[in-house]
Amino acid sequence: MALNISIDNLIIWCDVQLTSDGAGICLPDLRLDNSTNVGVVFKNKQKKYLVNGVPMEGWFSVDFSLSELANVTLIQGVLSRINRFDESQLQILTVEDVSQKYQPPGLWLNIQHDAFFSQHNLSMRKFVDYASRKVKVDYISSPEVNFLRSISTQFKPRKTKIVFRFLGRDDIEPSTNQTYGLLLKKLTFIKSFASGILVPKSYIWPVDGSLYLQPHTSVALDAHKEGLEVFASDFANDVPFAYNFSYDPVAECLSFIDNGNFSVDGVLSDFPVTPSLAIDCFSHLDGDGSADGIYFQHCNKVPHILFSVLASAKPLVISREGASGDYPGCTDLAYAKAISDGVDILDCPVQMTKDGIPFCLASINLMDGMTVAQSLFSNLTTIIPELQADNGIFSFSLTWSQIQSLKPAISNPEMEYSLFRNPKFRYSGKLLTLSEFLALANNATSVSGVLIGIENASYLAEKQGLSVTDAVLDALSRAGYSNETDKRAMILSSNSSVLKNIKRRSNYELVYEVDENIRDAQNSAVMDIKEFAHSVVMNKDSIFPRNAAYLTGATDVVPKLQASNLSVYVQLFSNEIQSQAWDFFSDPYLEINTFVERAQVNGVITDFPATATRYRRNRCLRLGDKTPPYMNPVEPGSLLQYIYPQPPAEAPNPVLTDSDVIEPPLPSVVKPSTNGTGNNGPAAAAPTSPNGQHKVVLHIFLSTLAILLSTLQPLL
């Protein structure tokens, strides 16, 4: 897989372990049970050993011959990763297997525990000498000084490079009995037996206890001054990295190879597709187009740089509540970030206040995006079945000034996986009225248009006496959008009644949202949509359905809609890996590319617009037959076929029909009763006690306190 999805000159990394008969096998740990089913095959052969003075228990390679391991197969050794390939009967490979069967452009042997094998009368020195005569070995690394010094004279740097591997700063190097942090200050000494160093990425870009980047160190510059190559390790797309990168693994890679100050010579990654993209497609986009560096995947590569004219502005990039992956949605900070990220269409999902002010917020329920549950208005909690089944505090229960007294809260859609968004700014920014939003968009010369979302219009008209359609049209008119303007004005709704109402009264671009996953659409339903909309918003699963988080195939919905001159915009593209199918190797660029190149969607809706706009600028697009493998769209179902046993089949998504689209006309506004409650909502003012202080219902306070405490729990 690494060879198929990576740039040229891939160097395969092998952690070498020795069997009892001296065979070198590629496994990530001394203990075979960490990555194989050896415990099932040999149930009672676990042992205890001291490894660098630390007691360890398990099934060790030194206790088995190579022939005994013939029936032992590989399993996923990282518990946080999927184990669906554990029954695929993948065999343990020797160093010779890797070189001869797969013929990688290069091979890197890492010798982690020479001292341990010496204690068991096995010589790593003899093995690497033997292996280098049988196969081409490009790099040999080890965290043990004595081992590298013992082999440094038998290898010529032009053929095989010796690399000293640094472990944790406080870990003890067994040969010198010094910490690796201290040895980092002795690069001249390292240069006496090695031509390069391999360091954890935190040696170069440290992070603080809150997982935010600190200023970069001088490690790379100092090592280069000594004539040492520098390689950085610990790159993995599915392990949380600095919040500064907004869960964008390409952005993290670029910080090591394209930062204007230094570049490492390689990165060690479990996900080779990402460094391939970073090096070949995204590095130095604002410079001369060149890039230096290699990378290795439980690999390594010399860059193969392609030069081309930057691709045209496809797809259209539409924000979701601004850059809500970085800041609380619909705040001034989220919108400013989206604009600086280069978003095309800035969005505002409109809600209405009690005093009739339209403002931008994702949900009509303030508990979804504000600190209202912890405020003096917590007693306004109510259930409104027409809106949702759960308790809520709704925007029309508070005036705009009351809403302004609350703090916005950042969305954490993958909180159950401990994936949090920019916690330093979780309650930062201020909300904007629709008029303020339109003024902001008008002043942003890089923004080509706005997308105004309207939901719950019927309820607001009938039950709260509020016309959200009138409010939106009035704000657009006052902002100049009813006249000829360079800015696009798009109005989005999942209700055909709303779009039909607006179509009769304006010439704005209308966007219909299909808010359920579908597998097809009746021709008559498409014709119905065509009567009132210019484009359609769909969920990702309506285009590439999934089962057990794997793509199962592709639908024909996009070409069917486009054949009727309906543009198709797809949502929602997020950077967190749990939002993506496993087929995309936990890389958001592969996901976007597959929807753009294979499905030919017209636009993407994203809460991380920086990722989508960077994708659009990469130099590996529109290359035809010369497109590199890491920029080819994935084939839906290609990974699922290798899983054994297959996951149970899921019920197919429904077909979109006429009845799903056609709705009765939007009702007229019904003025609320004079008792201050409206027809169905609570009073806007919080009750007060005789001393003038607001009352808070006890059971609501306790439940909201629990919510508050959960949001303040340690992030890692």
Side-chain angles (χ1 to χ4, degrees), residues 11-20 22-36 38 49-64 74 77-78 92-95 98 107-132 137-152 155 160-180 183 190 193-194 196-201 203 231-236 266 268-270 296-300:
I11 297 181
I12 298 293
W13 166 284
C14 168
D15 282 298
V16 181
Q17 317 300 337
L18 294 181
T19 62
S20 62
I25 57 176
C26 296
L27 283 176
D29 195 89
L30 279 172
R31 292 167 292 185
L32 306 182
D33 47 306
N34 280 4
S35 56
T36 76
V38 66
Y49 292 115
L50 284 178
V51 180
N52 291 338
V54 179
M56 291 187 180
E57 181 176 2
W59 285 257
F60 290 79
S61 64
V62 296
D63 296 319
F64 301 91
L74 300 170
V78 181
I92 294 175
L93 299 177
T94 66
V95 171
V98 173
L107 183 62
W108 183 305
L109 302 183
N110 181 61
I111 313 301
Q112 197 76 3
H113 295 290
D114 170 64
F116 173 81
F117 289 110
S118 296
Q119 294 167 7
H120 292 268
N121 298 316
L122 294 168
S123 174
M124 271 293 185
R125 180 178 179 180
K126 290 182 179 179
F127 171 77
V128 295
D129 181 64
Y130 165 81
S132 64
V137 178
D138 297 88
Y139 293 85
I140 299 175
S141 63
S142 176
E144 297 184 7
V145 169
N146 279 355
F147 172 72
L148 293 182
R149 295 180 75 177
S150 72
I151 67 169
S152 61
F155 293 101
T160 302
K161 295 183 178 182
I162 305 300
V163 178
F164 181 59
R165 184 178 190 181
F166 283 80
L167 303 182
R169 287 180 177 271
D170 297 327
D171 291 340
I172 303 295
E173 194 283 317
S175 308
T176 62
N177 202 34
Q178 298 180 26
T179 66
Y180 288 95
L183 288 173
I190 303 299
F193 59 85
I197 60 173
L198 172 62
V199 298
K201 63 185 182 182
Y203 274 46
F231 305 97
S233 65
D234 300 344
F235 287 83
L268 175 62
S269 173
D270 291 6
F296 44 99
Q297 184 265 12
H298 270 184
C299 312
N300 176 312

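Residue numbers count from 1 along this sequence.
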Practice task
Side-chain contact test, heavy atoms from C-beta onward, threshold under 4.5 Å: evaluate it for Pro143 versus Gln112 and give yes or no.
Solution key: yes
Exercise for the section: Ignoring hydrogens and angles, tell me if any N or O in the side chain of Gln17 forms a donor-acceptor pair with the backbone of Ser61 under 3.5 Å. Expected result: no
Exercise for the section: Using modelled atom types only, decide if a donor and an acceptor are shared between the side chain of Ser142 and the backbone of Ile111 within a distance under 3.5 Å. Expected result: yes
Problem - Distance-only side-chain donor-acceptor flag, Trp108 / Asn110, under 3.5 Å - result: no
Exercise for the section: Would you check if Leu74 and Leu27 make a side-chain contact, meaning some heavy-atom pair closer than 4.5 Å? Expected result: yes
Practice task
Would you confirm whether the ring centroid of Phe117 sits within less than 6.0 angstrom of the ring centroid of Phe127?
Solution key: no
Exercise for the section: Could you pull out all residues at least two apart from Gln178 that satisfy side chain to side chain donor-acceptor pair (under 3.5 Å)? Expected result: Lys186
Handout entry: Which residues share a salt bridge (charged side-chain N to carboxylate O under 4.0 Å, His left out) with Asp33, sequence neighbours left out
Key = none
Handout entry: Side chain to side chain, Asn52 and His113, heavy atoms closer than 4.5 Å
Key = yes
Exercise for the section: Please confirm whether His120 and Phe60 have ring centers closer than 6.0 angstrom. Expected result: no
Handout entry: Heavy-atom check, side chain of Cys14 versus side chain of Val95, under 4.5 Å
Key = yes
Completion exercise
When Ser141, Ser233, Pro200 are each screened for side-chain contact (heavy atoms from CB on, under 4.5 Å) with Leu268, the one that passes is Ser233
Handout entry: Close side-chain approach of Leu18 to Val62, heavy-atom, < 4.5 Å
Key = no
Exercise for the section: For Ser20 and Phe64, indicate whether the former's side chain and the latter's backbone hold a donor-acceptor pair under 3.5 Å. Expected result: yes
Problem - Phe147 backbone acceptor or donor facing Glu144 side chain under 3.5 Å - result: no
Practice task
Rounded to the nearest 0.5 Å, what's the gap from CZ on Phe235 to CG on Asp270? Could you check?
Solution key: 11.5 Å
Handout entry: Pairs involving residues 112-126, ordered by first then second residue, that meet salt bridge (charged side-chain N to carboxylate O under 4.0 Å, His left out) (sequence neighbours left out)
Key = none
Practice task
For residues Val128 and Val137, determine if any side-chain heavy atom of one lies less than 4.5 Å from a side-chain heavy atom of the other.
Solution key: no
Handout entry: Shortest non-hydrogen contact between Thr179 and Asp170, atoms and distance
Key = CG2-O, 4.0 Å
Practice task
Working to the nearest 0.5 Å, report the span between CD1 of Ile151 and CD1 of Ile162.
Solution key: 4.0 Å
Practice task
Identify the residue among Phe164, Tyr139, Tyr203, Phe166 that makes a ring pair (Phe, Tyr, Trp, His ring centres under 6.0 Å) with Phe231.
Solution key: Tyr139
Practice task
Please tell me if the side chains of Met56 and Phe116 come closer than 4.5 Å, counting only heavy atoms from C-beta onward.
Solution key: no
